[in-house]
Colleague: 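If you scroll down you'll find the structure; I have some questions about it.
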Amino acid sequence: MASIRFQIMLISTHLPKTAGSSFATSLKNHFGEEKYRADYNDWPINTPKTKRNFRAVKDFFLNQKRDFSEVECIHGHFLPLKYLGLRKNIQFITWMRHPVQRMASHYYFWKRTHDPKTSPILHRRMVEENWSLERFCLGKEVRNFYNVFLWGFPINKFSFIGVTEYYEEDMAWFADNLLKTELETKRENVHNNIGDQYHFQPDLLKKIEKWHSKDIKLYNKVLKMRSERISKMNYAEKQFSK
């Protein structure tokens, strides 16, 4: 199927370790260099809360005056509130993964990629202080990670939230229903197979889930939203086939 040029602007928040790098490659290939913009300069998790939120609010207003006329897709690590004030026809999208699995993936990724010269402050601190997986997951620094990114941004503003555990299925739905075209699935920055599970002792798992209860609640809501989306799609297909 030939690609159809996108008539609305796509804002894609890349929540770390949710297959966002793979998704970014697919988006970049689809939109092309001129229409695609990467936004990875904010470092939300490595920025203190007050400064992080203030920057998002400041950009909310500044972006209303900036020229995005040539941009069809922005993807990166940023609070989506940053672009909520744009006076354009916008669709916000993101991907989520089970919060505990995402935490473990993030931990091992930082262990593998640490560079004492270039890694941001929290990344360096975690490695240089030799945090255990338990210390990382139960630390206040990354508690309720999704809620940190979604500060000031209602979840119902998203046109699409993919679930990483169903990556290929949700990629196909996204391409068919939002891009109205086929989208090649890429694999970038992936250490394990997408959807692979990290294993925890039951007691530790309960502690982590309790500590990140807001994110667990949010993730379960996203799963419910996905189930409803799939049900609507199946119903529509049955009606069409009659």
Colleague: Are the aromatic rings of H106 and W110 close, with centres under 6.0 Å apart?
Modeller: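 Yes, the ring of H106 comes within the 6.0 Å limit of the ring of W110, centre to centre.
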Colleague: Mind checking what makes side-chain hydrogen bond (donor to acceptor under 3.5 Å, both in side chains) contact with N144, not counting sequence neighbours?
Modeller: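 Residues passing side-chain hydrogen bond (donor to acceptor under 3.5 Å, both in side chains) with N144: none at all.
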Colleague: Do you reckon F78 sits in the same ILVMFWY cluster as W43, going by side-chain contacts under 4.5 Å, direct or chained?
Modeller: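 The answer is no; the residues belong to distinct hydrophobic clusters.
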Colleague: Can you pull the salt bridge (charged side-chain N to carboxylate O under 4.0 Å, His left out) pairs that have at least one residue in residues 114-130, sequence neighbours excluded?
Modeller: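 Residue pairs with at least one partner in residues 114-130: R125-E129, R125-E141.
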Colleague: Given 3.5 Å as the limit, does a donor-acceptor pair link the side chain of S105 with the main chain of Q101, or not?
Modeller: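 Not at all, since once roles are kept as given, no pair shorter than 3.5 Å links the two residues.
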Colleague: Verify the ring-centre separation between Y198 and Y107: is it less than 6.0 angstrom?
Modeller: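 So the answer is no for these two rings.
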Colleague: Can you name the side chain to side chain contact (heavy atoms under 4.5 Å, CB included) partners of L205, sequence neighbours left out?
Modeller: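 Partners of L205 under the side chain to side chain contact (heavy atoms under 4.5 Å, CB included) test: V100, F200, E209.
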Colleague: To the closest 0.5 Å, what do you measure between CD1 (I8) and SG (C73)?
Modeller: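 Reported value, rounded in 0.5 Å steps: 11.0 Å.
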Colleague: Any sub-3.5 Å donor-acceptor pair from Y36's side-chain atoms to H30's backbone N or O?
Modeller: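 No, the answer is negative, given that no donor and acceptor are paired below the 3.5 Å cut-off.
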Colleague: Using a cut-off of 6.0 Å, state whether more than 12 heavy atoms not belonging to E228 lie near its atom CD.
Modeller: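 More than 12 heavy atoms, drawn from other residues, nucleotides or ligands, come within 6.0 Å of this atom.
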Colleague: Between F149 and T13, does a side-chain contact (heavy atoms from CB on, under 4.5 Å) hold up when you go through it step by step?
Modeller: CA-CA 9 Å; F149 269 80; T13 296; 4.1 Å; yes
Colleague: What residues, two or more places apart in sequence or in another chain, satisfy side-chain hydrogen bond (donor to acceptor under 3.5 Å, both in side chains) together with N63?
Modeller: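 N63: side-chain hydrogen bond (donor to acceptor under 3.5 Å, both in side chains) contacts with R66.
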Colleague: Treat each ILVMFWY residue as a node, draw an edge where side-chain heavy atoms are under 4.5 Å apart, and state whether L27 and Y40 are in one component.
Modeller: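 No: no chain of side-chain contacts under 4.5 Å links L27 to Y40.
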Colleague: Does any part of the side chain of R143, heavy atoms only, come nearer than 4.5 Å to the side chain of K214, both counted from C-beta?
Modeller: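 No; the side chains remain at least 4.5 Å from each other.
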Colleague: Verify side-chain contact (heavy atoms from CB on, under 4.5 Å) between T94 and F158, making sure each step is shown before the conclusion.
Modeller: CA-CA 8 Å; T94 194; F158 283 109; 3.7 Å; yes
Colleague: Which heavy-atom pair separates C137 from M103 by the least distance, and what is that distance?
Modeller: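 Distance-wise, the nearest heavy atoms are CA-CE, 3.4 Å.
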Colleague: The criterion is ring-ring contact (aromatic ring centres under 6.0 Å, His included); which residues satisfy it with F174, sequence neighbours excluded?
Modeller: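 Partners of F174 by the ring-ring contact (aromatic ring centres under 6.0 Å, His included) criterion, ordered by chain and then number, come out as F23, F160.
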Colleague: With a 4.5 Å heavy-atom cut-off, do F136 and V142 have their side chains touching?
Modeller: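 In short, these two side chains touch, coming nearer than 4.5 Å.
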Colleague: Measuring from H123:NE2 to T113:OG1, what's the distance to the nearest 0.5 Å?
Modeller: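 Atom-to-atom, H123:NE2 and T113:OG1 are 4.0 Å apart.
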Colleague: How close do M96 and E165 get, counting heavy atoms only, and between which atoms?
Modeller: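 That would be O-OE1, 4.0 Å.
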Colleague: Less than 3.5 Å apart, which donor and acceptor atoms pair up between the side chains of residues 48-58 and the rest of the protein, not counting sequence neighbours?
Modeller:
residue : atom : partner : partner atom : Å
R52     : NH1  : P44     : O            : 3.1
R52     : NH1  : T47     : O            : 3.1
R55     : NH1  : D42     : O            : 2.6

Colleague: Roughly how far, to the nearest 0.5 Å, is CD1 of I208 from CD of Q201?
Modeller: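 Spacing of CD (Q201) from CD1 (I208) equals 11.0 Å.
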Colleague: At their closest point, which heavy atom of S132 faces which heavy atom of R135, and how far apart are they?
Modeller: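 The pair with the smallest heavy-atom distance is OG-N, 3.0 Å.
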Colleague: Check salt bridge (charged side-chain N to carboxylate O under 4.0 Å, His left out) between E34 and all other residues, then give those that pass, not counting sequence neighbours.
Modeller: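 By the salt bridge (charged side-chain N to carboxylate O under 4.0 Å, His left out) rule, E34 matches no residue at all.
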Colleague: Looking at residues at least two apart in the chain, or sitting in another chain, which of them share a side-chain hydrogen bond (donor to acceptor under 3.5 Å, both in side chains) with Y166?
Modeller: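 Not a single residue meets the side-chain hydrogen bond (donor to acceptor under 3.5 Å, both in side chains) criterion with Y166.
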Colleague: Considering residues at least two apart in sequence or located in another chain, which fulfil the ring-ring contact (aromatic ring centres under 6.0 Å, His included) criterion with F60?
Modeller: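 Partners of F60 under the ring-ring contact (aromatic ring centres under 6.0 Å, His included) test: none.
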Colleague: Hey, does the side chain of T25 reach the backbone of S21 with a donor-acceptor pair shorter than 3.5 angstrom?
Modeller: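 Yes.
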Colleague: Is F61 reachable from L81 through a run of hydrophobic residues whose side-chain heavy atoms are each under 4.5 Å from the next?
Modeller: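 L81 clusters together with F61.
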Colleague: With side-chain contact (heavy atoms from CB on, under 4.5 Å) as the criterion, how do E70 and K35 come out once you've worked through the C-alpha distance, each side chain's angles and the decisive distance to 0.1 Å?
Modeller: CA-CA 6 Å; E70 299 301 318; K35 300 295 183 181; 3.5 Å; yes
Colleague: When rounded to the nearest 0.5 angstrom, what is the spacing between OH in Y167 and CH2 in W95?
Modeller: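 Y167 atom OH to W95 atom CH2 measures 5.5 Å (nearest 0.5 Å).
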Colleague: Any side-chain heavy-atom pair from M9 and I74 closer than 4.5 angstrom?
Modeller: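 Of all side-chain heavy-atom pairs linking I74 with M9, at least one is under 4.5 Å.
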Colleague: Measure the OG-CD1 distance between S159 and I161 for me, rounded to the nearest 0.5 Å.
Modeller: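 Reported value, rounded in 0.5 Å steps: 9.5 Å.
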Colleague: Are the side chains of Y146 and T18 in contact, using a 4.5 Å heavy-atom criterion?
Modeller: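 Counting from C-beta outward, T18 and Y146 do come under 4.5 Å.
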Colleague: Could you tell me whether the side chains of T164 and R102 share a donor-acceptor contact shorter than 3.5 Å?
Modeller: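 Result is no, nothing qualifies.
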Colleague: Could you give the distance from CG (L79) to CG (D59), rounded to the nearest 0.5 Å?
Modeller: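 So the CG of L79 and the CG of D59 are separated by 10.0 Å.
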Colleague: Would you list the pairs meeting ring pair (Phe, Tyr, Trp, His ring centres under 6.0 Å) in which at least one residue belongs to residues 211-234, sequence neighbours left out?
Modeller: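 Found H98-Y219.
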Colleague: Please name all residues satisfying side-chain hydrogen bond (donor to acceptor under 3.5 Å, both in side chains) with N147, sequence neighbours left out, ordered by chain then number.
Modeller: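 Listed in chain order: D215.
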Colleague: By side chain to side chain contact (heavy atoms under 4.5 Å, CB included), which residues pair with K221, not counting sequence neighbours?
Modeller: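 Residues passing side chain to side chain contact (heavy atoms under 4.5 Å, CB included) with K221: I155, M225.
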Colleague: Do the non-hydrogen side-chain atoms of P80 and K157 ever get within less than 4.5 Å of each other?
Modeller: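 In short, these two side chains do not touch, never coming nearer than 4.5 Å.
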Colleague: Test side-chain contact (heavy atoms from CB on, under 4.5 Å) on W173 and L178 and set out the steps.
Modeller: CA-CA 8 Å; W173 189 96; L178 270 70; 3.4 Å; yes
Colleague: What I want to find out is whether E169 reaches R226 closely enough, with some N-O distance under 4.0 Å, to be called a salt bridge.
Modeller: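 A salt bridge links E169 with R226.
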Colleague: Just wondering, do E33 and K28 contact through their side chains at under 4.5 Å, heavy atoms?
Modeller: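 Yes. Closest side-chain heavy atoms under 4.5 Å.
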Colleague: Indicate yes or no for a side-chain donor-acceptor contact from H77 to the backbone of I45 under 3.5 Å, with no hydrogens or angles considered.
Modeller: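 Not at all, since once roles are kept as given, no pair shorter than 3.5 Å links the two residues.
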Colleague: May I ask you to check whether over 12 heavy atoms, not counting those of K111, lie within 6.0 Å of atom NZ?
Modeller: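 Count over threshold, so yes.
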